[in-house]
Structure formats: structure tokens, C-alpha cells
Amino acid sequence: MLMRLLLLIIILAGPGSFYAQQTEVVDFKRAGVDVWIGPDEKIVYGSVSFEFEILKPTDSIYIDARNMRIEEIRYAEEKIAFDYDEKRIVLKRNWLPGKTEELLVRYRAWPKKAMYFLGWDNAAPDEVWTQGQGKYTSHWLPSFDDMNEKLEFDIEIHAPKGFMVASNGKLISSTHLPDNQSWKYDMDRPMSSYLVALAIGKYQKQTLLSRSGVPMELYYRITDSNRFEPTYRYSKAIFDFLETEIGVSYPWQNYKQIPVHDFLYAGMENTGATIFSDEFVIDSIAFNDRNYVRVNAHELAHQWFGNLVTETSGTHHWLHEGFASYYALLAERHLFGDDHFYWSLYK
């Protein structure tokens with residue numbers, strides 16, 4: 001009876017369970033991303049160069065990649081065979097501990113989730129934006145759904161001319177090419193794949209400095225310049241308060257906030273780059289009825305609780321949200337006083 005039960009558990013768990021502890025045998029350290037975005041065809045294509053270290057002998061390693069066309073994989077500068085089931089790229093060989101290894105994946109994807117193309121064929125603003133949490137970055141970028149696998153992502157994005165591109169990290173260069181414009185961003189610390197993000201649109205930005213000297217890049221559409229101040233009101237005060245209250249320096253190179261159309265949620269705390277709904281882009285009159293202050297503080301608090309320190313799995317997502325909601329209320333107390341704070345708790 002016991003053997004039957006064990007066999008049933010194995011069958012029900014499925015083949016995915018055998019890969020659940022990959023972080024124990026391999027450590028992916030860096031991903032060099034070089035992608036082209038084609039809004040008209042709703043396509044993303046390019047390559048990812050992975051650096052990794054084998055920790056224990058194993059007969060396979062994998063990369064999550066959903067519903068893509070994997071065009072080529074190179075290891076030690078040579079093409080290698082791989083298995084692909086529309087969910088994972090599995091590389092079977094005798095992997096042994098040793099030096100840092102390199103792997104190049106070339107691919108094409110027409111993502112149905114996680115990357116969204118807005119307005120290129122209708123009246124909405126022409127934008128591209130991503131949402132990795134809950135839908136997974138692996139729908140548009142070969143990466144890792146496991147939150148425990150953290151890499152340093154350095155990202156180069158080729159987008160149509162005339163559009164601004166925002167992504168994680170520090171902008172290293174923006175280069176005009178014959179057919180597109182290249183935007184190169186550099187991260188200096190590792191992060192979970194679900195926090196990789198990009199946004200493409202007709203944006204401008206203003207940059208503020210926090211009290212500690214962190215650049216805060218606040219994006220807005222060219223047509224919304226008169227709504228900039230009420231939308232981002234108290235942003236610097238919130239940043240300075242949270243950094244002091246939490247007692248740990250802001251962990252990333254800069255902090256971006258980018259409004260997008262038809263966003264799935266109020267906001268999303270991608271590493272160093274919050275994407276939020278343009279419903280919060282408001283004027284001074286609307287500020288009294290619906291403003292960005294609480295969402296602003298909530299997403300910023302996630303840069304520590306969720307991004308710097310990350311849950312081990314989605315089961316513990318309440319930890320991320322609990323900390324962020326708590327610190328957002330403390331920020332509002334700092335701004336608006338005790339009566340506002342206790343009324344918010346009561347509600």
C-alpha cells in the first residue's frame with residue numbers, strides 16, 4: 001500500500017517536480033539580454049547570454065521559456081542539442097562543477113501574456129509594457145519562474161525610433177541605428193526574473209534626487225505635462241521617509257516610475273522601475289478624489305520587501321503585500337497625520 005501511495009504521489013507531481021530544486025545544483029549568475037521589439041507584429045526576438053556555475057553534478061539543467069521558437073543554443077561557442085516542450089528548455093549532458101559556464105539562447109516569441117502591445121492598430125496610446133508577476137517573464141524572455149533564482153540582468157532593447165524605452169537599471173547608452181533605436185540598461189545586483197520589465201512609449205521624464213542622492217526618474221506622456229506635479233506629489237518625501245524608516249539604504253541604482261494604459265493592476269514593483277496605471281495620472285482637482293500617493297508608497301516599499309528580500313514562492317506572497325501595505329500607511333501618516341492614519345486602519 002505504501003509503495004502504491006508513493007508511486008501515485010510521483011505520478012501526480014509530474015515531471016516538473018524533478019526540476020523544482022534546480023538552484024541546489026546550478027547557480028545562474030548573469031543574463032545579457034539583447035532583444036528587438038516589433039510592435040506591429042507583436043513580436044519580440046533576440047538572444048540571452050547566460051553565465052552560470054554548476055554546484056553539484058547533474059544530468060540536466062533547464063531554462064523556462066513558454067511558447068517560443070527556440071532558434072539556436074550555443075555552449076562553448078558550439079551549437080548543442082536540447083529538448084523543448086513549449087515550457088522549458090532542457091539541456092541534458094554530464095554537467096560537472098567547475099568554472100563559470102556560458103550559454104547563448106536565440107529565440108522568437110509572440111507573447112500572449114506578460115508583454116502587451118497597446119494602440120499600434122487602434123486609437124489607444126502606442127505603448128509596449130510588461131507585467132511579469134503572476135504571468136511570468138518567461139512568456140517573452142527565456143528566464144526563470146523560480147523566485148529563488150536571482151541573476152544580474154543587463155538589457156539592450158531595440159525599439160522603433162521616436163519612442164522612449166525604460167527598463168531595469170542604469171541607462172548606459174541610447175543609440176540611433178538605421179532601422180531602430182537601441183537602449184542599453186545595466187543592473188549591478190541580482191534579481192528574480194519576474195521583476196524584469198520594460199516600457200516603451202512617447203514619454204518624457206523629470207529626474208529628482210532623494211535626500212541620499214538616488215536619482216528618481218518620473219515618466220509622463222508628452223500630452224500629460226500639466227498633470228506631472230499632482231500625479232507625483234510627495235514622491236520625494238515618500239522616498240526619503242521610507243529609506244529612513246526602514247533603516248536600509250535604497251538597494252538599486254535608481255528608481256523609475258512609468259504610467260501605462262490599460263495596466264492590469266494599480267502598479268507593479270519591478271526592480272527599480274515601477275509600472276503603474278495611467279488612471280492615477282491626475283490634475284490637482286482630481287487629487288482629492290483619487291491620487292497616486294498610497295500606490296506610490298506601496299510600490300516603493302516593495303523595492304525592499306519583495307525585491308531586495310524575496311518570498312521563496314507565491315505561497316508567501318502575503319509577506320510582500322503585508323510589508324508594502326504597512327509601510328504605505330506609515331508614509332501616509334508621515335504626510336497627513338494621525339487622524340488620517342487611524343481612519344485608514346479603521347476602514
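If you're wondering where the values come from, they're calculated on a predicted model, not measured in any experiment.
Side chains of Arg233 and Ser284: a donor on one and an acceptor on the other come within 3.5 Å. Looking only at atom types and distance, the side chain of Glu243 has a donor-acceptor partner in the side chain of Ser212 under 3.5 Å away. Side-chain contact annotation: Gln181 with Ser174, donor-acceptor N/O pair under 3.5 Å present. If you check the side chains of Gln133 and His317, you find a donor sitting under 3.5 Å from an acceptor. Looking at Glu321 and His298, their side chains do bring a donor and an acceptor atom within 3.5 Å of each other. A donor-acceptor pair shorter than 3.5 Å cannot be found between the side chains of Ser193 and Glu149.
A continuous path of hydrophobic side-chain contacts links Tyr250 to Leu330 [ILVMFWY only; heavy atoms under 4.5 Å]. In the hydrophobic cluster analysis, where Ile, Leu, Val, Met, Phe, Trp and Tyr join through side-chain heavy atoms closer than 4.5 angstrom, Leu104 is grouped apart from Met68.
Looking at Ser173, its side chain never comes within 3.5 Å of a backbone N or O of Thr175 through a donor-acceptor pair. Looking only at distances, a side-chain donor or acceptor of Gln303 sits under 3.5 Å from a matching main-chain atom of Gly272. Judged by distance alone, with hydrogens and angles left aside, the side-chain atoms of Ser143 form a donor-acceptor pair with the main-chain N or O of Leu141 at under 3.5 Å. Ser192 places no side-chain N or O within donor-acceptor distance of the main-chain N or O of Leu195, the cut-off being under 3.5 Å. Put simply, the side chain of Arg189 gets close to the backbone of Pro251: a donor and an acceptor are under 3.5 Å apart.
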Item to complete: Could you give me the CA-CA distance, side-chain angles and deciding distance for Tyr203 and Tyr220, then say whether ring-ring contact (aromatic ring centres under 6.0 Å, His included) is met?
Response: CA-CA 5 Å; Tyr203 296 119; Tyr220 60 96; 8.8 Å; no
Fill in: Lys170 and Asp188: CA distance, side-chain angles, deciding distance, salt bridge (Lys or Arg N to Asp or Glu O under 4.0 Å) verdict
CA-CA 9 Å; Lys170 181 180 179 180; Asp188 62 359; over 6 Å; no
Fill in: salt bridge (Lys or Arg N to Asp or Glu O under 4.0 Å) assessment of Glu101 paired with Lys29
CA-CA 10 Å; Glu101 309 276 12; Lys29 297 177 177 294; over 6 Å; no
Item to complete: Dump the intermediate steps for ring-ring contact (aromatic ring centres under 6.0 Å, His included) on Trp95 and Tyr75, then the final yes or no.
Response: CA-CA 12 Å; Trp95 297 102; Tyr75 170 68; 5.2 Å; yes
Practice prompt. Determine, stepwise, if the pair Asp59 / Lys92 fulfils salt bridge (Lys or Arg N to Asp or Glu O under 4.0 Å).
Written response: CA-CA 6 Å; Asp59 61 1; Lys92 296 179 179 178; over 6 Å; no
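Here OG of Ser249 is found 10.5 Å from CG of Leu308. Values are rounded to the nearest 0.5 Å. Atom OG1 in Thr244 sits 9.0 Å away from atom CG in Leu242 (nearest 0.5 Å). Expressed to the nearest 0.5 Å, how far CD of Gln22 lies from CD1 of Ile61 amounts to 6.5 Å.
Between Tyr265 and Phe263, the ring planes lie perpendicular to each other; the angle is over 60°, past the 30° to 60° tilted range. Between Trp36 and His158, the ring planes are parallel. Angles under 30° get that label, and only those over 60° would be called perpendicular. Tyr232 and Tyr292 have perpendicular rings, their planes meeting at more than 60° on a 0 to 90° scale where under 30° would count as parallel.
With ring centers used as reference points, Phe336 lies under 6.0 Å from Tyr234. In this structure, Phe323 has its ring center no closer than 6.0 Å to that of Trp304. Taking the ring centroids of Tyr346 and Tyr342, they lie at or beyond the 6.0 Å cut-off. Aromatic ring centres of Phe144 and Phe28 lie closer together than 6.0 Å. Remark: aromatic rings of Tyr136 and Tyr194 are distant, center separation not under 6.0 Å. You'll find the ring centres of Tyr327 and Phe305 inside the 6.0 Å limit.
For NZ of Lys236, the number of neighbouring non-hydrogen atoms (other residues, nucleotides, ligands) closer than 6.0 Å is greater than 12. The environment of NZ in Lys42 is crowded: more than 12 heavy-atom neighbours from other residues, nucleotides or ligands sit within 6.0 Å. Within a 6.0 Å sphere centred on CG of Asn226, heavy atoms belonging to other residues, nucleotides or ligands number more than 12. Annotation: Lys150, atom NZ; neighbour count of heavy atoms from other residues, nucleotides and ligands within 6.0 Å is above 12. At most 12 non-hydrogen atoms from other residues, nucleotides or ligands lie less than 6.0 angstrom from CD of Glu77. Applying the 6.0 Å contact sphere to NZ of Lys79 captures no more than 12 heavy atoms from other residues, nucleotides or ligands. Residue-environment remark: CD1 (Ile285) stays at or below the threshold of 12 foreign heavy atoms within 6.0 Å.
Contact record, Asp126 with Gly119: OD1-O, 2.7 Å, taken as the closest heavy-atom pair. In this structure, Leu329 and Arg294 approach most closely via the heavy-atom pair CD2-NH2, 3.6 Å. Here the closest non-hydrogen pair linking Met191 and Val196 is CE-CG2, 3.6 Å. The two atoms that bring Leu103 and Leu91 nearest to each other are CD2-CD1, 3.2 Å, heavy atoms only. Minimum heavy-atom separation, Asn307 to Thr271: ND2-CA, 3.6 Å. The minimum heavy-atom distance linking Glu311 with Met147 is given by the pair OE2-CE, 3.0 Å.
Relative to the ring axis of Phe50, Arg30 does not place its NZ or CZ within 45° and under 6.0 Å from the centre. Phe163 carries Lys202 over the face of its six-membered ring, with the cationic atom under 6.0 Å from the centre and within 45° of the normal.
Remark: Asp283 does not engage Arg227 in a salt bridge, criterion side-chain N to carboxylate O under 4.0 Å. Using a cut-off of 4.0 Å between Lys/Arg side-chain N and Asp/Glu carboxylate O, Asp186 and Lys184 are scored as not salt-bridged.
For the side chain to side chain contact (heavy atoms under 4.5 Å, CB included) with Leu218, the qualifying choice from Lys205, Gln204, Gln257 is Gln257, the only one to do so.
Residues Leu96 and Ile54 fail the side-chain proximity criterion, which asks for heavy atoms closer than 4.5 Å. The side-chain heavy atoms of Arg69 and Tyr107, taken from C-beta on, include no pair separated by under 4.5 Å.
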